[in-house]
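Written below as structure tokens is the structure these notes are about.
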Protein chains: 2
Amino acid sequence: MKNRILEAAENRFFQYGYRKATMDEVASDLGISKKTLYIHFKSKDAVAIAVIRALHKDIDKLLKQFSIKIPDPVERLGMMITEVSARLTRIGTLFLADIKKDIPALWRECEDFREKKIFEYGEAILKEGIRKGKVKKDIDTKIAMLVFLGAIHAVIQPEVFVKNPFSIDEAYKNILNIFLKGIQK
Amino acid sequence: MKNRILEAAENRFFQYGYRKATMDEVASDLGISKKTLYIHFKSKDAVAIAVIRALHKDIDKLLKQFSIKIPDPVERLGMMITEVSARLTRIGTLFLADIKKDIPALWRECEDFREKKIFEYGEAILKEGIRKGKVKKDIDTKIAMLVFLGAIHAVIQPEVFVKNPFSIDEAYKNILNIFLKGIQK
DNA sequence: AACTACAAATACTTAATTAGTTTCCATGAG
DNA sequence: CTCATGGAAACTAATTAAGTATTTGTAGTT
């Protein structure tokens with residue numbers, strides 16, 4: 001039951017932001033009462049914290065699997081787009097902006113996860129690529145990671161696909177291609 | 001200035017629904033104060049009414065242009081997907097659900113527009129297709145239009161494109177293809 | 001420097017909404 | 001028939017939002 005609550009809350013929080021999503025709506029989505037909801041969670045804040053921790057745990061698991069199952073650093077970068085960054089993008093800027101004000105500790109936790117896990121994981125992939133002769137030696141891996149994550153964040157959003165005639169798979173391919181090879185002729 | 005207000009309000013209303021979009025947010029998006037906002041519009045309801053009427057007027061104009069410029073009924077159906085129904089879908093179910101409660105007259109106006117303009121316009125296209133021998137005579141044009149508009153409504157939504165590997169143009173083509181030719185081998 | 005017009009920023013009033021709690025009621029199991 | 005459980009609805013207290021009013025800052029003019 002807790003997982004069902006987290007999933008419903010995640011959907012609401014990520015689509016509308018933390019503030020505009022109400023506990024009445026989460027309960028209604030599940031066909032349960034707020035009484036039942038508050039049996040499982042102490043507060044709305046507690047729900048948000050649990051939602052984010054579950055997502056981070058899920059991503060952490062994925063990253064570990066990639067390290068084991070995918071030896072090629074370039075392929076691992078590709079998986080980072082499709083499996084990891086796409087998940088993080090779902091959180092949405094609304095949710096993050098709201099919890100920055102309402103639950104700053106959770107916001108810092110998200111920033112830390114992004115900084116420590118995703119960013120450093122990606123940076124390690126780039127460094128491994130340099131060692132294996134697949135990435136140029138003079139690339140600043142920190143800047144490259146910012147470029148990479150910024151590109152993903154800008155493109156992988158629902159509204160972009162309604163306005164542009166490419167599919168999400170095409171978007172993934174193009175982002176990776178541009179990042180890896182640049183656009184110069 | 002009125003048009004800028006309508007555009008900002010439309011963006012907010014259509015993304016969040018009528019209730020969750022606030023006049024504070026609309027004003028902030030425009031970098032003006034609510035004082036200035038309420039110089040131009042009597043109330044929030046007045047803004048919503050103006051937004052919808054402008055959109056309907058825009059669509060009405062498009063339909064008139066199609067009748068003049070596109071003789072082929074099948075091509076006109078295609079344009080209805082890409083130019084008209086896509087616009088109407090932007091309104092979103094949230095906004096419609098909210099105004100059904102808060103501004104029922106506007107909701108009825110939307111339903112009327114959909115029923116009188118879009119539906120009958122499309123039905124007329126089908127009938128013309130029958131006359132020109134391009135559509136089967138035994139097709140019930142009312143049911144066919146419901147099928148058509150229902151299919152568009154189900155597919156042309158931002159979330160669908162994040163979860164599925166086809167582009168919006170591919171979606172348009174497939175909806176029209178299935179509607180025109182069916183899927184049977 | 002002083003004055004005026006204008007609008008943003010902010011404060012305010014009133015009504016509505018929301019988080020979280022409590023009560024009432026319906027339902028199923030024993 | 002009784003009991004346990006949870007949905008529906010009501011409730012309290014705090015917060016938010018529509019719309020209005022006041023304060024403040026800025027630009028232009030004299």
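Quantities reported herein were computed from a predicted structural model and do not represent experimental measurements. Here is how names work: the chains are called A, B, and so on, in the same order as the sequence lines, proteins then strands, and each is numbered from 1.
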Find the distance A:Tyr16:OH to C:dT18:P and express it as a whole number of Å. 13 Å

Between C1' on C:dT10 and CD1 on B:Ile32, what's the gap in Å once rounded to a whole number? 16 Å

A:Tyr18 six-ring centre to A:Lys44 NZ/CZ under 6.0 Å and within 45° of normal: yes

Whole Å only: how far is the CE atom of A:Met23 from the P atom of D:dT15? 17 Å

Could you state the atom-to-atom distance from NZ of A:Lys101 to C1' of D:dT15 in whole Å? 15 Å

Where along residues 33-48 of chain B does a heavy atom fall under 4.0 Å from DNA chain D? B:Lys34, B:Lys35, B:Tyr38, B:Ser43, B:Lys44

Candidate pair A:Glu128 and A:Lys134, rule side chain to side chain contact (heavy atoms under 4.5 Å, CB included), full reasoning: CA-CA 9 Å; A:Glu128 185 184 332; A:Lys134 290 193 164 190; over 6 Å; no

With a 4.5 Å heavy-atom cut-off, do A:Tyr38 and A:Met23 have their side chains touching? yes

Figure out the OH/C1' separation between B:Tyr18 and C:dA16, and round it to whole Å. 13 Å

How many Å lie between CD on A:Glu25 and C1' on C:dT18, as a whole number? 10 Å

Quick one, B:Phe66 and B:Ile125 - any side-chain contact, counting heavy atoms below 4.5 Å? no

Taking atom C1' of C:dC12 as reference, at what distance in whole Å does atom CG of B:Asp24 sit? 13 Å

Quickly work out the B:Ile103 CD1 to D:dA18 C1' distance and round it to whole Å. 13 Å

Establish, from distance only, whether the side-chain atoms of B:Tyr121 and B:Ser67 form a donor-acceptor pair under 3.5 Å. yes

Hey, what's the ring geometry for B:Phe113 with B:His56, parallel, tilted or perpendicular (30° and 60° as the breaks)? parallel

